[in-house]
Amino acid sequence: MGTAEQLASFLKLASGNRRFRQSHLSLFSAILMYHDKASRQNPFRVSRRELMKHSAIRSYATYHKCMGELIASGLIEYEPSYHPNLASRVTLLDNNGEP
């Protein structure tokens, strides 16, 4: 599924769900941007700092809340890296919850 289709799928899901806010859209858009930068490989690595910068999220609590809700909704899988020099692993999932 291409970037436009993934974004459209997210917007369709978010339009009927009051739980999703602008911060969710910003974070998901940043994830899509890094997915494209990684030559659309799945999974790909990206740092929390970069995602926060490109999604304009300044609060760690907001970032983790949004990330958790994207995971719970079946849009992504997320494997955090606790190593300071190794980025976290993100896998974009399709509508069926598969990579």
Side-chain angles (χ1 to χ4, degrees):
M1 187 179 334
T3 303
E5 291 87 11
Q6 287 173 319
L7 187 56
S9 176
F10 173 76
L11 291 173
K12 184 178 178 182
L13 174 69
S15 67
N17 194 331
R18 298 181 66 151
R19 165 178 76 183
F20 289 115
R21 304 276 185 225
Q22 179 64 40
S23 53
H24 294 88
L25 175 60
S26 297
L27 182 57
F28 193 70
S29 297
I31 290 170
L32 288 176
M33 182 183 80
Y34 278 97
H35 184 243
D36 280 344
K37 279 187 175 184
S39 301
R40 306 196 52 75
Q41 292 179 333
N42 227 359
F44 59 99
R45 292 201 174 268
V46 64
S47 71
R48 174 192 44 80
R49 179 182 294 163
E50 292 298 315
L51 287 176
M52 287 179 70
K53 181 174 86 175
H54 288 286
S55 62
I57 294 175
R58 291 191 174 93
S59 165
Y60 294 127
T62 300
Y63 170 81
H64 289 292
K65 178 180 181 270
C66 291
M67 188 63 78
E69 290 174 348
L70 291 175
I71 294 166
S73 66
L75 294 167
I76 63 169
E77 287 180 354
Y78 179 72
E79 183 183 325
S81 170
Y82 300 103
H83 190 279
N85 296 325
L86 184 63
S88 298
R89 183 177 297 171
V90 177
T91 303
L92 281 173
L93 303 176
D94 64 10
N95 290 341
N96 301 324
E98 303 206 5

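- A donor-acceptor pair is defined here as one N or O able to donate and one able to accept, closer than 3.5 Å; such a pair exists between the side chain of Ser81 and the backbone of His83.
- One finds the CD1 atom of Ile31 at 12.5 Å from the CG atom of Asp36 (value rounded to the nearest 0.5 Å).
- For the atom pair Arg21 CZ and Thr62 OG1, the distance stands at 12.0 Å (nearest 0.5 Å).
- Between Arg89 and Glu77 the shortest side-chain heavy-atom distance does not fall below 4.5 Å.
- The hydrophobic clustering, which links ILVMFWY residues whose side-chain heavy atoms are closer than 4.5 Å, places Met52 and Leu86 apart.
- Looking only at side-chain heavy atoms (C-beta outward), Leu27 and Leu70 come within less than 4.5 Å of each other.
- In this structure, Arg19 places its CZ atom where more than 12 heavy-atom neighbours from other residues, nucleotides or ligands lie under 6.0 Å away.
- Aromatic ring pairs are classed by plane angle as parallel below 30°, tilted from 30° to 60° and perpendicular above 60°; the pair Phe44 and His35 is tilted.
- Tyr63 places none of its side-chain heavy atoms less than 4.5 Å from the side chain of Arg58.
- Two residues are said to be in side-chain contact when any heavy atoms from C-beta on lie closer than 4.5 Å; Tyr78 and Met67 meet this criterion.
- Every residue meeting the ring pair (Phe, Tyr, Trp, His ring centres under 6.0 Å) condition with Phe20, not counting sequence neighbours, appears here in chain and number order: Phe10, His24.
- Ser88 OG to Glu79 CD: the interatomic distance, rounded to the nearest 0.5 Å, is 8.5 Å.
- Residues Glu69 and Ser73 fail the side-chain proximity criterion, which asks for heavy atoms closer than 4.5 Å.
- Residues His54 and Tyr34 form a side-chain contact, since some pair of their non-hydrogen atoms from C-beta on lies under 4.5 Å apart.
- No side-chain heavy atom of Leu93 sits less than 4.5 Å from a side-chain heavy atom of Ile76.
- Distance check, rounded to the nearest 0.5 Å: NZ of Lys37 to CE of Met33 gives 4.5 Å.
- To the nearest 0.5 angstrom, Gln22 atom CD is 10.0 Å from Cys66 atom SG.
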